[in-house]
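Chain letters run A, B, ... following the sequence lines, proteins first and then strands; every chain starts at 1. All heavy atoms count here, side chains included; hydrogens, waters and symmetry mates do not.
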Number of protein chains: 2
Amino acid sequence: MVEYSTPTLDAVFHALSDPTRRAMLHRLSISERTVSELATPFNMSLAGASKHIKVLEAAGLVRRHVQGRTHICALQAARLAEAQEWLRYYEQFWEERLDDLEDILRAEDRALAEKAKHERRKGSKPKHEIKE
Amino acid sequence: MVEYSTPTLDAVFHALSDPTRRAMLHRLSISERTVSELATPFNMSLAGASKHIKVLEAAGLVRRHVQGRTHICALQAARLAEAQEWLRYYEQFWEERLDDLEDILRAEDRALAEKAKHERRKGSKPKHEIKE
DNA sequence: CTTATATTAAACCCTATGGTTGAATATAGC
DNA sequence: GCTATATTCAACCATAGGGTTTAATATAAG
C-alpha cells in the first residue's frame, strides 16, 4: 500500500501552486543556478525570490549547496514523483473520458517513444564495456 | 508543444495542497456525495466544508448538480490530468537520478572488485565530476 | 583593512486562507 | 402556511502568503 505523508504533499502542492516557483523549477531543470541567477528573470526583489526558493527547498524540491558566498540551487525531483504518485490514483477517472487533446498528447508520446527507441537502436553505442 | 494555463495550474495545485480537500476528492472518487455527506467525516462546520468544496469547484476538480435542496458533488478529473501532465516533464529528472544512483552503485561494485583483486594497492580516483 | 558582492534577516504591508458563528435562502414535507 | 432540512452568505478572527525595503552577514577581491 502506498503511504502518503500529507505534510509532504501539502508542502509540495503548495510549492507548485505559484507560477514563479514553477518557472524556477523549470529553469532548474535546465541547469543548476545560483540564487541571483534564479531571481534575475522575475520582476521581483532578490529577497522576494529568495523566499520562493526557500519554499521550494522546504518542500524538498530544491537542494542548495553553498560555495563561498554563492548558493547553488539544484532541482531535486523525487518529491515531484510522490506528487505524481498521488495523482496516479486518479488516472482511472480521467481515462474513462479522454478528450481529443488527451488523445493527441498520447499519440505524441507514443511517437516520441518510438523515435527514441529507434535512435537508441541505431545511434547510441555503449560508452564503456563493463568488465566482468 | 504542451501549453499550460498557469491560472488553472495555480488553482489546481492550490486546491490539492490542503489535506481536507484531498480527502474530499478521494471520497468523491468512491462515489458522488452531497455537501453534507462530504462534510460529515471532517471535524469542521458545514460552512467550512462548503468553502473547501467551492475551492475544489473553482479549480474545476468538482462539479455539482443541484437537485432540489441538496447539492450533489462529483469528481471531475480532467484538471488532475493537466497537473499530471505538467509533472510528467519532470519524470526525466527523477528517472535520471535513479539512473545516476545505479551508475554509482555499479561504479562502487567495480571499485570493490578492483580493490579485492589487488588487495591493498594505493591510489585514489577522482570521485565525481560536477557536470554543468 | 576596506570595499564590493551574494544572500539572508527583519520589519512591515496587504490580501488570501481556513476556520468560526449566526442569519438568510430555498426546498421538502406535513 | 408552518416547520424542518440543506446549503450558502456575511461578518469576523487569526494566521499564512507574497511582496517590499532596509539592515545585517559572510565571503571575495583590491
Side-chain angles (χ1 to χ4, degrees), chain A residues 6-28 31-76 83, chain B residues 6-28 31-76 130:
Chain A
T6 92
T8 298
L9 281 181
D10 290 5
V12 169
F13 283 130
H14 170 248
L16 297 183
S17 73
D18 184 278
T20 300
R21 289 193 289 263
R22 287 198 307 276
M24 284 178 164
L25 287 180
H26 187 261
R27 299 191 67 233
L28 287 177
S31 76
E32 301 188 343
R33 321 254 176 178
T34 69
V35 169
S36 15
E37 283 168 355
L38 260 185
T40 302
F42 304 103
N43 191 22
M44 176 184 302
S45 69
L46 194 60
S50 173
K51 279 190 184 182
H52 279 299
I53 296 171
K54 284 204 293 190
V55 170
L56 290 168
E57 221 180 346
L61 298 176
V62 160
R63 142 185 66 86
R64 92 172 59 194
H65 88 275
V66 179
Q67 195 164 41
R69 61 185 164 176
T70 74
H71 297 203
I72 298 169
C73 300
L75 178 64
Q76 200 167 27
Chain B
T6 92
T8 298
L9 281 182
D10 291 5
V12 169
F13 282 130
H14 170 249
L16 295 183
S17 73
D18 183 278
T20 299
R21 289 192 289 262
R22 288 199 305 277
M24 284 177 164
L25 286 181
H26 187 261
R27 300 191 65 233
L28 287 177
S31 75
E32 302 189 341
R33 320 253 177 180
T34 69
V35 169
S36 14
E37 282 168 356
L38 262 184
T40 302
F42 305 103
N43 192 20
M44 175 183 305
S45 69
L46 194 61
S50 174
K51 279 191 182 180
H52 280 298
I53 295 170
K54 284 205 291 191
V55 170
L56 291 168
E57 222 180 342
L61 299 176
V62 159
R63 142 185 67 85
R64 93 171 61 194
H65 89 275
V66 180
Q67 193 165 41
R69 61 185 165 179
T70 74
H71 297 203
I72 298 170
C73 301
L75 178 65
Q76 199 166 27
I130 297 177

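Relative to the side chain of Ser45(A), the nucleotides dT21(D), dG18(C), dG19(D) differ in distance, and dT21(D) lies closest. Side-chain atoms of Asp18(A) lie closest to dG18(D) of the nucleotides dT5(D), dT20(D), dG18(D). Closest to the Thr70(A) side chain, of the nucleotides dT17(C), dA6(C), dG19(D), is dA6(C). In this structure, of dA4(C), dG22(C), dA4(D), it is dA4(D) that holds the atom nearest to the side chain of Arg69(B). Of the candidates dG19(D), dA6(D), dG18(D), the closest approach to any side-chain atom of His52(A) belongs to dG19(D).
Here the CG atom belonging to Asp10(A) is positioned 4.5 Å from the CZ atom belonging to Arg22(B), to the nearest 0.5 angstrom. To the nearest 0.5 Å, the span separating CD on Glu32(A) from CG on Leu38(A) amounts to 10.5 Å.
A sub-4.0 Å separation between OP1 or OP2 of dT27(C) and a side-chain N or O of His71(B) is absent.
Listed here is the closest heavy atom pair of Val62(A) and Cys73(A): CG1-CB, 3.9 Å.
Regarding His65(A), its NE2 atom lies at a distance of 16 Å from the P atom of dA6(C), rounded to whole Å. Atom CZ in Phe13(A) sits roughly 19 Å away from atom C1' in dT17(C) (whole-Å rounding). Rounded to whole Å, the distance from NZ on Lys54(A) to C1' on dA10(C) is 11 Å. The nearest whole Å value for the distance from the CE atom in Met44(B) to the P atom in dT20(C) is 6 Å. As a whole-Å value, the separation of Arg33(B) CZ from dA6(D) P is 16 Å. Atom P of nucleotide dA6(C) and atom CD1 of Ile53(A) are separated by 14 Å, given to the nearest angstrom. Here the P atom of nucleotide dA26(D) and the CD1 atom of Ile72(A) are 19 Å apart, to the nearest Å. Separating the CG atom of Leu46(A) from the P atom of dT25(D) is a distance of 18 Å, rounded to the nearest angstrom.
If you check every strand for non-hydrogen atoms under 4.0 Å, Gly68(B) touches sugar and phosphate atoms only. Here Thr34(B) lies in heavy-atom contact (under 4.0 Å) with sugar-phosphate atoms only.
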Less than 3.5 Å apart, which donor and acceptor atoms pair up between the side chains of residues 44-56 of chain B and the rest of the protein, not counting sequence neighbours?
from: Ser45(B); atom 1: OG; to: Gly48(B); atom 2: N; distance (Å): 3.0
from: His52(B); atom 1: ND1; to: Arg21(B); atom 2: NH1; distance (Å): 3.1

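Looking at Arg27(B), its side chain does come within 3.5 Å of a backbone N or O of Glu37(B) through a donor-acceptor pair.
For a distance-only test at 3.5 Å, the side chain of Lys51(A) qualifies as a donor-acceptor partner of the base of dG19(D).
Nearest-nucleotide positions on DNA chain D place Ala47(B) closer to the 5' end than the other of Ala47(B) and Gly48(A).
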